[in-house]
Amino acid sequence: MTSERLDEPRALRRSLRPHYDPEAFGRLSEQIARFLGTARFIVYMTVFVAIWVLWNVFVPESFKFDPYPYIFLTLMLSLQASYAAPLILLAQNRQDNRDRIQYEQDRESAERNQAEIAYLTREIAALRLALNDVATRDYLRSELAHLLEEIRERQ
């Protein structure tokens, strides 16, 4: 009975599964999904299908490779769609993750801003209270005027 030692790295094992970088694959899927969502892709696909149909309608019989029901064309389009759908979903999931992280950062920023605003509001209120206790120029003039009147009345 052998137990794994925690102070030694595990021995490398060979795996028959293909190894890939999920981040690179995700970026590639986003690029593909971005291209599939453009008018350029629709134009390219339309031109491809038109050339396919025109070729199989107008060229001599010996050069035709997919006669009228265009079963091979249908197979090709189905294959393209079967790869495009998961790639688009993968790209959407990655975008959802980015949106979620951005939302959390925005929420934290809003909370910090709210705390700063509350702090500044308290500071302004404290300054206003402190300024109410400070003698202003008009207040000093009026007090000096009252003192001057009292002195004149006493004389």
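Only a predicted model underlies this, so the values are computations on that prediction, with no experimental measurement involved. Below, each value reflects all heavy atoms present in this structure, side chains not excepted, and no hydrogens, waters or symmetry copies.
The line from CG of Leu148 to CD of Glu153 is 10.0 Å long, rounded to the nearest 0.5 Å. Taking OH of Tyr103 as the reference point, atom CZ of Arg107 lies at 6.5 Å (rounded to 0.5 Å). To the nearest 0.5 Å, atom CD1 of residue Ile124 and atom CG of residue Leu131 are 11.5 Å apart.
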Discussion item. Checking Gln80 against Leu36 for the side chain to side chain contact (heavy atoms under 4.5 Å, CB included) test, could you report, in this order, the C-alpha distance in whole Å, the side-chain angles of both residues, the deciding distance, and whether it holds?
Written reply: CA-CA 11 Å; Gln80 183 268 330; Leu36 291 176; 3.7 Å; yes
Discussion item. Let's go through Phe48 and Leu73 carefully: what are the C-alpha distance in whole Å and the side-chain angles of both, what is the deciding distance for side chain to side chain contact (heavy atoms under 4.5 Å, CB included) to 0.1 Å, and is it a yes or a no?
Written reply: CA-CA 10 Å; Phe48 174 76; Leu73 176 63; 4.2 Å; yes
Discussion item. Please evaluate residues Lys64 and Trp55 with respect to the criterion side chain to side chain contact (heavy atoms under 4.5 Å, CB included), reporting the C-alpha separation (whole Å), side-chain torsions for both, the decisive distance (0.1 Å), and the verdict.
Written reply: CA-CA 7 Å; Lys64 290 182 182 179; Trp55 180 272; 5.6 Å; no
Discussion item. Go through it in stages, so that I can follow the logic: the residues are Leu144 and Tyr139, the test is side chain to side chain contact (heavy atoms under 4.5 Å, CB included), and I'd like the CA-CA distance, side-chain angles, deciding distance and then a yes or no.
Written reply: CA-CA 9 Å; Leu144 288 174; Tyr139 175 74; over 6 Å; no
Fill in: Arg34/Gln31 under side chain to side chain donor-acceptor pair (under 3.5 Å): CA gap, chis, key distance, verdict
CA-CA 5 Å; Arg34 234 178 261 120; Gln31 290 174 346; over 6 Å; no
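The two residues Glu30 and Gln95 have their closest heavy-atom pair at OE2-N, 4.4 Å. Asp66 and Ile71 make their closest contact through OD1-N, 3.3 Å (heavy atoms, listed as atom of the first residue, atom of the second, distance). Heavy atoms only, all atoms of each residue included: Leu87 and Ala33 are closest at O-CB, 4.4 Å. Across Phe65 and Asn56, no two heavy atoms sit closer than the pair N-OD1, 3.1 Å.
In this structure, the side chain of Ser78 engages the main chain of Thr74 through a donor-acceptor pair within 3.5 Å. Judged by distance alone, the side chain of Ser109 and the main-chain N or O of Asp106 form no donor-acceptor pair under 3.5 Å.
Not a single side chain to side chain contact (heavy atoms under 4.5 Å, CB included) links Gln114 to another residue, sequence neighbours left out.
The number of heavy-atom neighbours closer than 6.0 Å to CZ of Arg152, taken from other residues, nucleotides and ligands shown, is 12 or below. Within 6.0 Å of CZ in Arg100 there are more than 12 heavy atoms belonging to other residues, nucleotides or ligands. In Tyr83, the OH atom is not crowded: 12 or fewer heavy atoms of neighbouring residues, nucleotides or ligands sit closer than 6.0 Å.
Between Phe25 and Tyr20, the angle of the ring planes goes over 60°, which puts this pair in the perpendicular group of the 30/60° scheme. Ring-plane geometry between Trp52 and Phe72 is classed as tilted, the angle between the planes lying from 30 to 60 degrees on a 0 to 90 degree scale.
By the rule that hydrophobic residues join a cluster once side-chain heavy atoms approach within less than 4.5 Å of another member, Phe58 and Val49 end up as members of one cluster. Linking Ile, Leu, Val, Met, Phe, Trp and Tyr whenever their side-chain heavy atoms come within less than 4.5 Å puts Tyr68 and Met76 in one cluster. When the side chains of ILVMFWY residues are joined at heavy-atom separations under 4.5 Å, either directly or via intervening members, Leu28 and Leu89 end up in two distinct hydrophobic clusters. Leu127 is not connected to Leu129 by any chain of hydrophobic side-chain contacts under 4.5 Å among Ile, Leu, Val, Met, Phe, Trp and Tyr, and they are in different clusters.
Counting only heavy atoms from C-beta outward, the side chains of Leu79 and Leu75 never approach each other to under 4.5 Å. A 4.5 Å side-chain heavy-atom check between Arg141 and Arg137 finds at least one atom pair inside the cut-off.
Each of Arg154, Glu149, Gln155 was scored for a side-chain contact (heavy atoms from CB on, under 4.5 Å) with Ile151, with one residue passing: Gln155.
A salt bridge does not link Glu123 to Arg128: none of the charged side-chain nitrogens sits closer than 4.0 Å to a carboxylate oxygen. In this structure, Glu116 does not pair ionically with Arg112, as no charged nitrogen and carboxylate oxygen lie closer than 4.0 Å.
Checking Gln92 against Asp96 by side-chain atom types alone, no donor-acceptor pair falls below 3.5 Å.
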